[in-house]
> 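Take this structure, written in structure tokens, and hold onto it; I'll ask about it next.
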Protein chains: 2
Amino acid sequence: MSSVTINDVARHAGVSKKTVSRVINNEINVSEETRTKVMAVIHQLGFKRNPLGMALAKNRSLFIALLADNPSPGYLQKLQKGILQCCSEEHMGLFLYDCNYRSPTLVYEIEEFIDNTLADGLILVPPLSDKQDLLDMLQRKRVRYIRIGPKDQDSGDCVSFNGVKAAYEMTQYLLRLHHKDIAFVLGHPDQESSHRCERGFRNAIADAGITLNEQLVVQGYYTHQSGVDAAATLLSRTPRPTAILAANDEMAVGVLYEAHRRGIKIPEELSVCGIDDISLTTKVWPNLTSMRQPINAIGYRAAFKLIKKLKGETAAGNDGGADIFDCELIVRESTSQPGR
Amino acid sequence: MSSVTINDVARHAGVSKKTVSRVINNEINVSEETRTKVMAVIHQLGFKRNPLGMALAKNRSLFIALLADNPSPGYLQKLQKGILQCCSEEHMGLFLYDCNYRSPTLVYEIEEFIDNTLADGLILVPPLSDKQDLLDMLQRKRVRYIRIGPKDQDSGDCVSFNGVKAAYEMTQYLLRLHHKDIAFVLGHPDQESSHRCERGFRNAIADAGITLNEQLVVQGYYTHQSGVDAAATLLSRTPRPTAILAANDEMAVGVLYEAHRRGIKIPEELSVCGIDDISLTTKVWPNLTSMRQPINAIGYRAAFKLIKKLKGETAAGNDGGADIFDCELIVRESTSQPGR
DNA sequence: ATGCAAATTGACACCGGTGTCAATTTGCAT
DNA sequence: ATGCAAATTGACACCGGTGTCAATTTGCAT
């Protein structure tokens with residue numbers, strides 16, 4: 001209500017409001033004396049810039065938005081946390097928008113959302129990251145964006161995790177445990193991370209000199225239910241695989257469920273593991289072995305890059321364009337040597 | 001960028017911009033003829049009101065924010081979905097803010113968040129709903145809010161579920177299955193819903209003519225780990241309870257974990273059930289029996305009430321002040337007759 | 001046709017900032 | 001002291017809307 005405006009500061013400091021504006025924005029060409037005087041008044045009066053006034057004048061809202069339609073709530077939750085931490089530090093507001101990836105009018109809906117909020121920066125979560133008509137629309141409206149895990153992860157406007165390496169190392173771990181019949185549950189075919197994980201899995205199997213039984217690679221869609229279904233298929237095969245690696249934890253937990261339902265002991269009779277390391281892994285029994293994707297850091301980094309982009313600076317630090325995070329193997333209770 | 005302004009519309013329609021403003025805002029005292037003419041131009045030019053301009057002029061941003069620090073991610077996720085659906089329908093943006101309930105500077109941080117975003121409506125999730133110093137600050141800043149599940153659920157600015165009834169009915173269900181030693185895991189003592197659930201539980205036990213063994217009521221904090229800990233305590237008691245009811249699903253899943261770890265068969269040797277019906281219930285094995293809280297509807301309703309409040313209308317429909325939603329028993333795989 | 005209240009409309013200032021450009025001040029070489 | 005470029009500052013218009021209040025138009029009774 002009774003908020004202090006730039007005019008109030010100007011009056012108290014005996015300068016024009018343009019000069020106050022210069023001080024606020026840390027512009028050059030303000031004498032030290034004036035700057036000090038104005039800063040004193042700002043603190044004394046408790047002045048805070050009105051973001052709406054600035055947005056209107058600059059034609060930039062400096063609000064960003066997270067657009068998501070991801071089947072793994074645990075993943076989104078962690079991502080949000082990372083993004084929010086960065087936003088909080090940068091004094092930036094984060095809008096949330098819940099997409100339905102399959103809606104035929106999705107692009108139109110998002111355009112309307114942008115018109116309603118004037119968000120001028122977006123973070124796109126798979127499978128939105130590779131939706132070309134969406135990207136075209138954003139380009140046309142001059143809305144900046146950062147994509148998480150897109151196809152061409154070297155384009156500088158994105159942040160990813162190293163899916164190939166993650167699946168490769170997880171498979172290696174299973175091989176070290178002397179598993180031979182290792183099954184793999186694919187993610188959604190529209191999401192590049194699924195293909196990357198598949199590549200890692202196949203490479204590891206090949207590098208171990210094993211001929212992959214194609215029966216052991218089954219389609220999933222990153223959802224819990226698709227994990228259950230994939231497990232139903234795999235666990236009916238003879239010989240039964242001794243280990244199942246799923247392209248995300250959500251599906252791995254589905255595999256766990258189906259195995260339990262069939263009375264299969266884990267990990268004695270079947271090792272199960274996933275990728276992501278969402279909070280779900282430590283809630284189910286047995287706790288799930290997983291590759292820890294630094295989801296928090298990815299979210300933070302995505303927000304950081306976006307905000308710097310909006311403010312016109314280039315992101316500092318390790319910003320050589322591509323940001324690809326490595327994973328870390330977290331061994332828990334769901335994996336062991338086969339037939340132990 | 002090249003967006004159409006109210007001035008463009010005014011010029012094309014041959015009226016003043018104030019008249020266009022009247023048409024946009026559906027004000028009275030505009031002739032039918034003028035209204036039709038202006039509307040035609042609006043559609044022709046694809047005009048959309050700039051929310052920032054409006055916010056600045058009206059000194060109301062019409063953005064709302066969700067403030068949460070809730071230990072159950074599944075709960076928050078559903079709540080968000082309900083809120084977002086309403087926001088989408090009302091063309092309203094939703095800011096997200098991640099609180100740390102225990103931060104000593106929380107109120108200050110939230111005040112700063114509001115200054116940064118100019119959100120003029122807030123949805124408060126427990127345990128924030130009853131934080132008096134926060135409510136005082138909001139009152140002072142004239143920021144409207146709706147609280148979810150606060151102490152005094154009849155105050156008209158809140159939406160709740162009927163916790164007493166939920167726990168009562170769940171306990172009745174267990175009693176019907178012929179359970180006698182029923183344990184209860186409390187929620188966080190700072191959240192009113194925990195006390196309500198406890199009351200429901202105690203009432204049901206008393207109404208069944210049973211003297212409650214106080215050893216069977218143990219403290220929890222709504223987190224997964226607190227459920228594990230509570231189960232560890234309860235499952236060491238002799239005689240062991242044959243059923244455990246937890247005040248939320250998150251803790252019930254923790255109970256499930258600890259029971260599995262001890263090799264206790266569920267539901268044959270122990271029935272476990274929770275309250276909320278978050279998505280986690282159908283991911284764990286066995287699927288968890290729960291009381292379905294219409295979290296989606298609660299979120300939607302909270303957003304609806306808040307938005308109407310901001311727009312100055314009173315919420316339509318069942319808005320007699322209090323909004324208290326009933327729960328529905330969802331029987332799944334984790335409960336059965338004792339010793340079956 | 002005339003008078004008058006009610007309905008309709010527009011001129012102007014304003015919300016809280018920033019951009020442009022001209023005016024003023026400063027600092028230094030001469 | 002003088003001249004001049006560079007540094008500093010402010011007047012003014014503008015971003016895209018809304019509120020106030022006065023001016024104009026309309027509709028009806030007389």
Side-chain angles (χ1 to χ4, degrees), chain A residues 1-39 41-42 45-63 91 115-118 120 142 310-312, chain B residues 1-39 41-42 45-63 91 115-118 120 142 310-312:
Chain A
M1 290 271 85
S2 59
S3 59
V4 181
T5 75
I6 214 172
N7 279 304
D8 301 329
V9 176
R11 200 169 329 112
H12 280 254
V15 298
S16 74
K17 60 183 195 168
K18 177 64 205 182
T19 295
V20 177
S21 170
R22 285 194 181 93
V23 172
I24 296 168
N25 289 289
N26 251 305
E27 286 176 26
I28 52 167
N29 287 346
V30 178
S31 73
E32 258 330 298
E33 193 194 338
T34 307
R35 189 183 301 278
T36 310
K37 185 172 61 183
V38 171
M39 286 304 284
V41 176
I42 285 177
L45 266 50
F47 166 80
K48 284 186 180 166
R49 165 163 67 189
N50 181 322
L52 299 181
M54 187 209 65
L56 192 58
K58 285 200 147 149
N59 196 23
R60 323 230 62 202
S61 76
L62 288 190
F63 293 143
H91 304 293
D115 289 338
N116 286 333
T117 58
L118 293 190
D120 52 19
R142 301 259 199 287
L310 292 180
K311 292 191 176 167
Chain B
M1 290 266 87
S2 61
S3 59
V4 181
T5 75
I6 214 171
N7 280 303
D8 301 328
V9 175
R11 201 170 328 112
H12 279 254
V15 298
S16 74
K17 61 183 196 168
K18 177 65 205 182
T19 297
V20 177
S21 169
R22 286 193 181 95
V23 173
I24 296 168
N25 290 290
N26 251 307
E27 287 177 25
I28 53 167
N29 287 346
V30 179
S31 72
E32 258 331 297
E33 193 193 338
T34 308
R35 188 183 301 275
T36 309
K37 187 173 58 183
V38 171
M39 285 304 284
V41 176
I42 284 177
L45 266 50
F47 166 80
K48 285 182 180 169
R49 165 163 65 187
N50 182 320
L52 299 181
M54 186 208 66
L56 192 57
K58 286 198 148 150
N59 195 24
R60 323 233 61 200
S61 76
L62 289 190
F63 293 143
H91 304 293
D115 289 337
N116 286 331
T117 58
L118 293 190
D120 50 21
R142 302 257 200 285
L310 292 180
K311 291 190 177 168

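We name chains A, B, ... by the order of the sequence lines, and we start the count at 1 in each one. All values below come from the heavy atoms of this structure, side chains included, with hydrogens, waters and symmetry mates left out.
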> Round to a whole Å and report the spacing from CG of A:Asn7 to P of C:dA13.
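So the CG-P distance, A:Asn7 to C:dA13, works out to 16 Å.
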> Just how far, in rounded Å, is C1' of C:dA7 from CZ of B:Arg35?
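B:Arg35 atom CZ is separated from C:dA7 atom C1' by 13 Å.
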> Given the structure, check if the side chain of B:Arg22 and the base of C:dG10 hold any donor-acceptor pair shorter than 3.5 Å.
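Side chain to base: pair present.
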> Want to settle it: does B:Val30 or A:Lys18 sit nearer the 5' end of DNA chain C, counting the closest nucleotide to each?
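On the 5' side of the pair lies B:Val30.
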> B:Asn29 near the nucleic acid: base, sugar-phosphate alone, or nothing, with a heavy-atom cut-off under 4.0 Å?
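Touches a base.
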> Have a look at B:Arg49 and say if it touches a base, only the backbone sugar-phosphate, or nothing, with a 4.0 Å heavy-atom cut-off.
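The answer is sugar-phosphate, as B:Arg49 gets under 4.0 Å only of primed atoms, P, OP1 or OP2.
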> OP1 or OP2 of D:dG16 less than 4.0 angstrom from a side-chain nitrogen or oxygen of B:Thr5, does that happen here?
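Checking B:Thr5 against D:dG16: no side-chain N or O falls below 4.0 Å of OP1 or OP2.
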> Ignoring hydrogens and angles, tell me if any N or O in the side chain of A:Thr36 forms a donor-acceptor pair with the backbone of A:Glu32 under 3.5 Å.
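Yes, because the side chain of A:Thr36 sits within donor-acceptor range (under 3.5 Å) of the backbone of A:Glu32.
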> Does the side chain of A:Thr19 get closer than 4.0 angstrom to OP1 or OP2 of D:dT9 through an N or O atom?
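For D:dT9, OP1/OP2 do not have a side-chain N/O of A:Thr19 under 4.0 Å.
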> Measure the distance from CG on A:Asp8 to C1' on C:dG16 and round it to the nearest whole Å.
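That distance rounds to 10 Å.
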> Is there side-chain contact between B:Leu310 and B:Arg60, with heavy atoms separated by less than 4.5 Å?
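The answer is yes, as the side chains (C-beta and beyond) meet within the 4.5 Å cut-off.
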> Counting any heavy atom closer than 4.0 Å, what does B:Asn25 reach on the DNA or RNA strands: base, sugar-phosphate only, or nothing?
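Here B:Asn25 touches the backbone only, sparing every base.
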> Contact between A:Ile24 and A:Met54 at the side-chain level, heavy atoms closer than 4.5 Å - yes or no?
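Not in contact.
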> Could you tell me the separation between the CD atom of B:Glu32 and the P atom of D:dT26, rounded to a whole number of Å?
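Distance check: B:Glu32 CD to D:dT26 P gives 16 Å.
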> Does the side chain of A:Asn50 come within less than 4.5 Å of A:Thr5's, by heavy atoms?
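Counting from C-beta outward, A:Thr5 and A:Asn50 never come under 4.5 Å.
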> Below 4.0 angstrom from OP1 or OP2 of C:dT18, is there any side-chain N or O of A:Ser21?
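Checking C:dT18 against A:Ser21, a side-chain N or O does come within under 4.0 Å of OP1 or OP2.
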> Check whether any side-chain nitrogen or oxygen of B:Ser31 sits under 4.0 Å from OP1 or OP2 of C:dA7, and answer yes or no.
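Indeed not, no polar side-chain atom of B:Ser31 lies that close.
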> Let me check the geometry of the helix from C:dA1-D:dT30 to C:dT30-D:dA1. What is the bend angle between the axes at its two ends, five pairs each, to 10°?
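Terminal axis comparison yields 50°.
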> Just the rounded figure in Å: distance from P of D:dG16 to CG of B:Asn50.
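Value for this atom pair: 7 Å.
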> Using side-chain heavy atoms (C-beta onward) and a distance below 4.5 Å, is A:Arg49 in contact with A:Asn25?
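In contact.
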> Grab the CD1-P distance between B:Ile28 and D:dG19 for me, whole Å please.
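Going from B:Ile28 (CD1) to D:dG19 (P), I get 13 Å.
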> Under 3.5 Å, is there an N or O donor on one side and an acceptor on the other linking the side chain of A:Lys58 and the base of C:dG19?
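Answer no: no donor N or O sits under 3.5 Å from an acceptor.
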> Can you check whether A:Leu118 reaches A:Phe63 side chain to side chain, under 4.5 Å on heavy atoms?
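Answer no - side chains too far apart.
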> Check whether any side-chain heavy atom of B:Arg35 sits under 4.5 Å from a side-chain heavy atom of B:Asn26, and report yes or no.
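Side chain of B:Arg35 against side chain of B:Asn26, heavy atoms only: contact under 4.5 Å found.
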> Given atom CG of A:Leu52 and atom C1' of C:dC15, what is their separation to the nearest angstrom?
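Between C1' of C:dC15 and CG of A:Leu52: 10 Å.
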> Atom CD of B:Glu33 and atom P of D:dT26: how far apart are they, to the nearest Å?
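Value for this atom pair: 9 Å.
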> When rounded to the nearest 0.5 angstrom, what is the spacing between NE2 in A:His91 and CG in B:Asp115?
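Output value for this atom pair is 11.0 Å.
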> Of the options C:dG16, D:dG17, C:dT18, whose atoms approach the side-chain atoms of B:Ile6 most closely?
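Taking heavy atoms from C-beta onward, the closest nucleotide is D:dG17.
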> Please state whether the base of C:dG16 and the side chain of A:Lys17 form at least one donor-acceptor pair under 3.5 Å?
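Check fails, no donor-acceptor contact within cut-off.
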